[in-house]
Amino acid sequence: MPELPEVETIVLALRAGLGRARILDAIVHRSDIIRSGTRDLPGRLIGRRIVSVEREGKRIKLMLTPDGQCIFHLGMSGRLTLERPRAPLLSHTHIQIRFASRVGELRFRDPRRFGGVWFFDGGPRGAAAGLASLGPDALTIRAPVLRGICRRGRGIKALLLDQQVVSGLGNIYTDESLFDARIHPLRRASELADGQVGRLAGSIRKILRRSIDSGGATLRDYRKADGSEGAFQRICRVYGREGQACLRCGSPVRRILVAGRSTHVCAVCQPLEA
DNA sequence: CGCATTTCCTGGAGGC
DNA sequence: TGCCTCCAGGAAATGC
């Protein structure tokens with residue numbers, strides 16, 4: 001499932017691969033994957049040029065000229081890949097975008113369709129009207145900002161998963177960050193000591209950076225923009241390790257349910273009581 | 001307000 | 001081999 005590091009990996013590849021390509025054509029195979037702005041996506045895209053490719057939380061933004069944005073969210077199973085135009089079309093490919101230069105063809109594929117595409121004319125104000133606002137980016141979150149966030153109370157994991165509070169974290173990286181910072185996912189955020197919150201901010205940045213450096217985590221569906229797999233799953237320390245020995249203390253990793261998500265925790269290293 | 005639950009959706013895994 | 005059920009979860013909506 002694509003979270004910040006997976007999305008960042010894709011953005012880096014698209015930025016390098018697409019350059020400032022001009023859009024020649026767009027083909028929409030499933031129009032309900034377009035979540036806002038317009039039904040006529042090709043009409044709005046054709047002739048425009050890509051200015052840059054940006055990441056905002058887990059969103060991928062193609063910034064266009066004249067002023068416009070095409071935003072992709074990969075949901076659970078979405079893939080955004082740059083392929084040879086003649087490569088066979090895989091099932092559940094919802095959108096193809098072709099370019100005037102020979103940069104390849106951009107394809108959006110999403111079997112489960114939790115993802116989607118948004119299009120806006122004009123500047124950022126248009127985007128704000130159709131998509132929820134996002135909290136500060138997790139990749140650069142600093143202790144003072146996280147302390148302010150934690151004052152809201154709530155369980156720390158539920159708080160970190162809320163994109164309007166902090167953007168970019170999903171189930172894997174919250175579990176990994178909380179394990180690294182030795183904080184139980186159910187701890188009340190408002191009851192964490194300043195030192196713990198500071199450590200958590202550092203853990204979040206470190207874990208995300210480390211994953212980006214290994215090309216993201218391929219657990220089920222995620223693939224890099226060239227279709228290959230990331231490697232971070234091999235360095236996960238709690239996620240998906242239910243029943244196995246904690247890599248720090250040896251006691252078994254437990255799986256519990258938090259905020260409706262399966263959550264991996266070492267009850268010894270991450271005590272629930274302060 | 002918080003928080004749990006439900007909804008959307010499909011492929012893959014496991015049981016029989 | 002084949003059929004069935006269950007499960008994964010990002011984000012929004014709903015209910016308490």
Side-chain angles (χ1 to χ4, degrees), chain A residues 1-8 10-11 29-36 55-61 71-80 89-95 108-118 127-135 137-138 148-178 184-192 208 211 216-223 227 229-230 232-233 236 238-243 253-265 272:
Chain A
M1 44 239 77
E3 302 177 34
L4 189 152
E6 292 74 33
V7 172
E8 179 72 8
I10 291 167
V11 163
H29 298 283
R30 262 204 88 106
S31 56
D32 62 1
I33 206 73
I34 302 166
R35 310 290 184 186
S36 80
R55 181 185 60 76
E56 201 172 69
K58 302 177 194 173
R59 299 171 187 164
I60 299 166
K61 304 202 295 182
I71 301 175
F72 292 87
H73 194 295
L74 302 180
M76 275 290 294
S77 57
R79 294 188 197 176
L80 199 56
L89 204 63
L90 296 171
S91 58
H92 307 290
T93 299
H94 306 308
I95 294 176
F108 178 59
R109 179 169 181 256
D110 184 11
R112 261 163 279 188
R113 305 208 303 278
F114 280 16
V117 183
W118 288 255
L131 285 161
S133 63
L134 295 174
D137 199 88
I149 285 167
C150 285
R151 276 199 279 272
R152 302 186 195 202
R154 302 175 64 174
I156 184 64
K157 174 159 177 171
L159 200 61
L160 294 177
L161 283 174
D162 187 335
Q163 302 302 298
Q164 294 183 250
V165 172
V166 189
S167 62
L169 295 172
N171 208 32
I172 301 173
Y173 296 103
T174 42
D175 280 7
E176 291 295 316
S177 299
L178 288 168
H184 195 285
L186 287 171
R187 284 289 305 279
R188 299 295 95 181
S190 52
E191 293 169 9
L192 293 170
L208 293 176
S211 181
T218 296
L219 283 170
R220 289 180 184 84
D221 299 300
Y222 162 76
R223 290 293 184 285
E229 296 191 0
F232 183 77
Q233 66 279 8
C236 276
V238 272
Y239 188 87
R241 296 193 68 251
E242 181 187 7
V253 172
R254 308 278 183 204
R255 189 164 73 98
I256 59 175
L257 209 60
V258 179
R261 303 278 171 266
S262 70
T263 295
H264 307 76
V265 61
L272 190 48

query = Is there a side-chain polar atom (N or O) of A/S77 under 4.0 Å from OP1 or OP2 of C/dA8?
reply = no
query = So, for A/E6 and A/S211, which heavy atoms are closest and what is the spacing to 0.1 Å?
reply = OE2-OG, 4.1 Å
message = According to side-chain contact (heavy atoms from CB on, under 4.5 Å), who are the partners of A/D137, at least two apart in sequence or on a separate chain?
response = A/L4, A/R55, A/L139, A/T140, A/S167
query = Does A/R255 have a side-chain nitrogen or oxygen under 4.0 Å from the phosphate oxygens OP1 or OP2 of C/dA8?
reply = yes
key: Under the side-chain contact (heavy atoms from CB on, under 4.5 Å) test, residues paired with A/H73 that sit two or more places apart   = A/K58, A/R59, A/W118
task = Look at A/Y239 and C/dG9 and indicate whether a side-chain polar atom (N or O) is within less than 4.0 Å of OP1 or OP2.
result = yes
task = Could you state the atom-to-atom distance from CD1 of A/I172 to P of C/dG9 in whole Å?
result = 8 Å
inquiry  = What is the distance, to the nearest angstrom, from the CH2 atom on A/W118 to the C1' atom on C/dA12?
reply    = 11 Å
ask   = Has A/H73 got a side-chain N or O lying under 4.0 Å from the OP1 or OP2 atom of C/dG10?
value = no
Sub-3.5 Å pairs of nitrogen or oxygen atoms, protein against nucleotides 2-9 of chain B:
residue : atom : partner : partner atom : Å
B/dC3   : OP1  : A/R188  : NH1          : 2.4
B/dC9   : O4'  : A/R112  : O            : 3.4
B/dC9   : O3'  : A/R113  : NH1          : 3.4

Sequence-distant partners of A/E56, side-chain hydrogen bond (donor to acceptor under 3.5 Å, both in side chains), two or more places apart = A/K61
request  = Sequence neighbours left out, what passes salt bridge (Lys or Arg N to Asp or Glu O under 4.0 Å) with A/R152? Give chain and number order.
outcome  = none
task = Could you check how far CD of A/Q164 sits from C1' of B/dC1, rounded to whole Å?
result = 14 Å
request  = Would you kindly give the CZ-to-P distance between A/R59 and C/dA11, to the nearest whole Å?
outcome  = 8 Å
message = What is the distance, to the nearest angstrom, from the NZ atom on A/K58 to the P atom on C/dA12?
response = 10 Å
request  = Could you tell me whether the side chain of A/L169 reaches within less than 4.5 Å of the side chain of A/L208, counting heavy atoms only?
outcome  = yes
key: Test salt bridge (Lys or Arg N to Asp or Glu O under 4.0 Å) applied to A/R30 - qualifying residues, sequence neighbours left out   = A/D32
Separation of C/dG10 C1' from A/L160 CG (nearest whole Å) = 15 Å
key: Euclidean distance, atom CE of residue A/M76 to atom P of C/dA12 [Å, nearest integer]   = 16 Å
request  = Return the value, rounded to whole Å, for the distance between atom CD of A/E3 and atom C1' of C/dG10.
outcome  = 10 Å
